[in-house]
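Presented below is the structure to which this report refers.
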Amino acid sequence: ADPVKIGFVTTLSTGAGAIGQDMRNAVDLAVEHLGGNMGGRPVEVIYEDDAFKPAVGKQKTDELVKKDKVDFVAGYIWSHVLMASYKSAVDNGTFLISSNAGPSALAGKLCNKDFFSTSWQNDTTPEAMGEVLNQRGVKKLYIMAPNYAAGKNMVTGVERTFKGKIVGKDMTKFPAQLDFSAELAKVRAAKPDALFVFYPGKHGAQFLTQYSQSGLADSVPLYTTFTVDSISLPRIGKMAEGSLMTLFWSPDLDNPANKKFVTDFKKKYGHYPSHYGAQSYDTIMLINSAVEKVQGDLSNHDAVRAALKEADFNSIRGDFKFGNNHIPIQNFYLRQVVKDADGNYTTKIVSTVYKDHQDSYAKDCKMN
Amino acid sequence: MTMLELEDIETFYGQSQVLFGMSLSIKEGEVVTLMGRNGMGKTTTIRSIMGLTPARGGRITFRGQDITALPAYRIAKAGIGLVPEGRRISPNLSVEENLIATASKGTSGNGKWTLQSVYQLFPRLQERQTSMGNQLSGGEQQMLAIARALMTNPELLILDEATEGLAPLIRQEIWACLTRLKKDGQSILVIDKNIKALSEIADCHYIVEKGRIVWTGNSVSLAANSKIKHRYLGV
Amino acid sequence: MDGLLLLEQVLNGFQLGLLLFLLAAGLTLVFGIMDMVNLAHGSLYMMGAYFCATFTGWTGSFLVGALLTIPAVFLLGVIVEMIALRNLYARDHLDQVLATFGLILFFNETTRLIWGPIGLSIPLPEFLSSTVEIIPGAPYPVFRLAIILMGLLVAGLLYFIVARTRLGMLIRAGASNREMIGALGINIRLLFTLVFGLGAALAGLAGLMAGPILSVEIGMGEGILILTLVVIVIGGIGSIKGAFIAAIVVGLIDTVGRSFLPEILKLVLSDDSASTAAPAISSMLIYLLMALVLAIRPQGLFPPKGVGK
Amino acid sequence: MSSPDLLIIDKLVKRYDGLLATDDLSFSLREGELHAIIGPNGAGKTTLIKQLTGEIASDAGAIHFDGRPIRRLSEPARSHIGIARSFQITSLFPDFTVLENVMLAVQAHQGHSFRFWRATGKEERLIEPARALLDDMGMEDSADHLVAALSHGEQRQLEIAVALATKPKLLLLDEPMAGMSSEDSGHLVEILRRLKSRYSILLIEHDMDAVFSLADRITVLVYGRAIATGTPDEIRDNEEVRRAYLGEEA
Amino acid sequence: MTLLSPRVLINAALLLLLAALPFLTDMMGDSYYTGVTSRVLILAIAATSLNLLIGYGGMVSFGHAAYLGLGAYIVGIGAFHAIEDGIDWMLNGYYQLAATLILSALVALVIGAISLRTRGVYFIMITMAFAQMLYFTAVGIETYGGDDGLTIYSRSDMLGLIDLNDEKSLYYLIFFSFLAVLYLMHRLVGSRFGAVIRGSKSNEARMRAIGFSPYKYRLTAFIIAGTITGYAGFLMANLNDFVSPSMMHWTRSGDLIIMIVLGGIGNLFGPLYGTIAFMALEELLSSIPLTIGGLNVGEYWQIIFGPLLILVVLYARNGIDSFLPGTRERAK
Ligand SMILES: Nc1ncnc2c1ncn2[C@@H]1O[C@H](COP(=O)(O)OP(=O)(O)OP(=O)(O)O)[C@@H](O)[C@H]1O
Ligand SMILES: Nc1ncnc2c1ncn2[C@@H]1O[C@H](COP(=O)(O)OP(=O)(O)OP(=O)(O)O)[C@@H](O)[C@H]1O
Ligand SMILES: [Mg+2]
Ligand SMILES: [Mg+2]
């Protein structure tokens, strides 16, 4: 039979390539777990590198859709790459599944029947963080995040749920702020109960280093989202140890699918998977569930969509269900950086913050 | 003893050949001139000697050493001092820096040209000591170029149109200076259009035409040979 | 705005400025004095950080790592110069920009190949990772003091070499007058190679000083390179003094601007628009500064003597 | 037969840091005359030319040209009222042909150049005068050569042709003979002799044969001041000029 | 120059191929290449206009991508308000076009007026600085998506004259626009105006001495190039259905420069060749199907591309142009 073709767009080159590599590893593992088969048809995954540029991502998506004529396009780490590529896929009637990026527009007003996500909407994770801060009795909060769309989403998220007073907020330069000493000095002067930051990817390591050198760690505890992850932990674990973050998933999340994923991933690649990998693994499993449901017959577009929407598979997060906007409704956990038995840094779940949490843009989505 | 010897030099700029078997020789202590109209290859000959536009054919020896294929700085180190056509002063060095940056005691190590002695020769330079190279007038630059070459205390001094753009008084001083240098045993190769002055100090003249030597002789025979002068020098 | 905070921010700005100067020094040396636009300066800076991380890992000591890094980057610079760049001195800036841009791509990807995409960290010894309280109530990282010290040291040394020594004269002369300086007995090729190596070593020094605080990763050179270019352009290309002053001005404006701009804007704008406008404006601040300086002084603040008119 | 003054310089000053390059200089140039300026190196001759063309600003004093003050005019504006110069160090458009060099100068004086469509290569209004000028200078054979391929002598000649193409009233020549062989400078002297009747010329030159045979009047500049003005014979016999500049020559 | 030199033939053949491209891809049943070539041609328009500045005028503008972004944002903002707020006239392509041209010209006027006072590397840096300011402005405007960019849900409405949603119509609009720009450049460079621009690159001091004030001519060239590139941005937005600040980042300006140098600067067809070469290299190198020691060579394509750039600079100074038969047209 003809293979089921999946295009997977992620960042493989440049310094951000580490994330793409983790995602690809997870996808490869998923395909391996499926025995290279979906609904009786072989699976072919075509990886494309967006080089961290929207224009390239868009062109690669075009290529996948028009030239390779794939059945599903998936991947996408970055909001701006996803936004640039999005129309190329859905306008041509190809399903688009985001394995990471979760801009608010696509969850709300611009939601689309052929667009799905196996990650989250940007705001939800910090919303959970706001809740955590309330629970922990934080009254005065200082916020730092880079000044771009995702950064603003994160801040909006925390502000939406946090009930105390925000005593200071710095939206730092994006893309590259080199030095945070000025902001850290302001934090010290403001004397908050806690510091919340969002510094994804390489900025995370940079921020943490400077935070730990500043001596602030003793007086102002740090709460983060997407700043520390399994990719950066081996390098910055020592500085991040004990710090708290929220997420929908953690390697120690207790369910059979996740156990299998994490164990096999570690066996195959020698380190913990990141949430990027987990989401990508779920992407493949989601596609598989739909292909199985239609018995490998992808010609009926509506049937495939309905099958995707059902999301009838064993997710690494346990139960999986979509909201009306095709974004998962899911639990959020508080996690903490710890050392595992082998001396490697990882995260463990401290508590469940939200059960079945839905993003707040879903109501703007006119799709049903 | 021969100081410099060129045998059948052939030199090209890219594809175009400019020197076609140029030969000449300079003995120790001699003042030799190279004459000819514009564009005949005088400067190119100098560039070949200095290794700036290396000869593709022939052989150049300096005090017995083959220097044909040496890089320019080795040739300079071997004892040739150059006053180039067009002065080539460093615009972003002061007058004094221009002089000392490349100064050297010479091959024998007891060079007699020092800051003091060149300032004595060109008092105008001392007045402009701290000016940057690009602030000098044309003539001041020319003086500086000559002083700079002297400061390397060369065995052989090469002057390519060194009196161009100099006031008559200074020009006379330079000739006087060359005369003194010659008396001290300095070997000199000089290109200039001022035939009268050259004739007084030169031991030997070479006339260049289209990349070859077409005539050679001493001042007496040059003076006698007005046909040659008219034909090759246009005077 | 309280006084102590302002004082602390000024210190922070000063420190950022001196870090920029460390990078700008090598760049202005090669760029201004040898007339070579070397965009790959940022790559050499990155190599400094990676080498230092690696050597520190091997030897277990940051100081030994740092001491090994400087000759290593010097050597790397020499090799790069000999293979790729020595034929470009006489070319126009466009060619140099392009070739060295090619080098950036090469270095970034080679680094990814060798060290992987994730980046490294440089652990500091105890005495450097502590803090001292120079301003009451505001412990200041010792390592940042070390950066300030190193910046001042390099500034002094370089100024001395370029302005006062014969080597400095030759370097300056060589750029405008390469052929002639050769014909006067100087091995200009070697000289340039060594100077390029010196520039590289300075970049490496900047890298190993920046690495422990700004993190060590691929592409770390590009962002800071632009900033550094801005610094040397404001200062006047080729002027060590200009680079020094401009670096400190840029460091101060950037830091102080970042920390007080929102408050200042709030005086004229509504709270909301002030807090949205502030980060955008502070990103632009140094570019604005550069445009302003060049609009008034097209050759920068301190153009070196004797170039141009 | 003294004709009116075309150029009057009054107490002109140019200061470089501590140095007075032009020091309270006054003199005038008559319509149709060839006025030579001589003086030791660094006396301020080139500086004076730069002040006259507007390349550098003067610190004090006045310049009158054709009856009007011009000290405040820009360099291009001065070219438009009829001042042209040649450069001491050849300054041409090296990647243009000889003809194109002259055409560009012609173009500069035919109104504005915001003309975007017609090919200059087909514009008789540019080509015609340019060719005529080259014919006049005896350079017609090299019209289509690139400047970079010309001999030094020809380049010096082209310098003058480009200046003439702007149809000047006053021609400022800065050492036009520099670096020329005796033959070529002889040739150039002939050309200047012809031009003399048609233009007013200010000539700077260290070649005394040329100066004495061409000049109507000579002004001697020393340290930015005029120490003498007069006919060639007067200057030749001036003791002070001999001491400061000429030496035994002449 | 003979009319039918091999060089002319090669150029003509390339244009013919481009003219027929949509039909060729139709025959191959793969419309992907029409889209890719549209992109190439739009970039070639931008590169050609930049070539006027760099190749003929010696003004190395390092901020040219800003105009691309400017034009694209006009289309994006128009579509945004037309859809979000129902302001229908903002979707009108002619209004958008007029706004694009006027705005790009004005921005070029302001940037040029200040930048052209400087020379050399200072000019490179100040043009980059202005472009970065525009970039950060775009990042800062949340309404239009900030850094995430703006998806364009409706292409410019050309009132029935031409349907930009049709791939082929759009392609031919782009193709003929490119031809027009090419012809315009050809005329411009040979005209009196062009002579002044080239002369000012060759020897500015001499230009002033013979009575030109190069500044206003340079400024005009700067505005012309900016406006044309703004137009290219208008086309780009309609092709991509998307605009984001990253389009204006200084590295994109760098790409444009690489394109014209690859093709051979100061040469009419150079930018087209350069753009094609740049895009083809990026595509080919990144899809090298070679795996060494578990590493996919394609993912490290810049290890090859970087040194390739250096080789071009070192050994092929006129880029692709130096490989074409016949002598290079002298920078006219
Ligand atoms: N860089 C160059 N490239 C190509 N040809 C050149 C170059 N330099 C000189 N030539 C040519 O070589 C020939 C000899 O030039 P050269 O400078 O040696 O003459 P010269 O005798 O010194 O003349 P002059 O008296 O004008 O200085 C000339 O025809 C000149 O056009
Ligand atoms: N930009 C400048 N800055 C400082 N001093 C300068 C500058 N330009 C020229 N000078 C000085 O002004 C004086 C006059 O220079 P100018 O070039 O006018 O001399 P000149 O009479 O033309 O000499 P020459 O006959 O040698 O060409 C010189 O001493 C020179 O060093
Ligand atoms: Mg010569
Ligand atoms: Mg002079």
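Residue numbers begin at 1 in each chain, while the letters A, B, ... track the order of the sequences.
Residue D:Arg15 places its CZ atom among 12 or fewer non-hydrogen atoms of other residues, nucleotides or ligands, all under 6.0 Å distant. Applying the 6.0 Å contact sphere to CZ of B:Arg231 captures no more than 12 heavy atoms from other residues, nucleotides or ligands.
For B:Ile170, the part lying under 4.5 angstrom from a heavy atom of chain D is the side chain only. The contact between B:Met143 and chain D is made entirely by side chain atoms (from C-beta outward), counting heavy-atom distances below 4.5 Å. Contact of B:Glu164 with chain D is made through the side chain alone, with heavy-atom distances under 4.5 Å. For B:Arg124, the part lying under 4.5 angstrom from a heavy atom of chain D is the side chain only. Neither the backbone nor the side chain of D:Ile38 comes within less than 4.5 Å of any heavy atom in chain B. There is no contact between B:Glu85 and chain D, counting heavy-atom distances below 4.5 Å. In this structure, chain B has no heavy atom under 4.5 Å from any part of D:Ala21.
At a threshold of 4.5 Å between non-hydrogen side-chain atoms, the residues D:Leu246 and D:Met208 count as touching. By the 4.5 Å heavy-atom criterion applied to side chains, D:Ile63 and D:Leu7 are counted as neighbours.
Between chain B and the options D:Glu175, D:Gln88, D:Met177, D:Met180, heavy-atom pairs under 4.5 Å are most frequent for D:Met180. Put simply, of B:Ala167, B:Ser137, B:Gly139, the one with the most heavy-atom pairs under 4.5 Å next to chain D is B:Ala167.
Remark: side-chain polar atoms of B:Asp184 are not paired, donor with acceptor, to backbone N or O of B:Gln186 under 3.5 angstrom.
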Take D:Thr97 and D:Asp144 through the side chain to side chain donor-acceptor pair (under 3.5 Å) test and state the conclusion after the steps.
CA-CA 5 Å; D:Thr97 64; D:Asp144 294 321; 5.1 Å; no
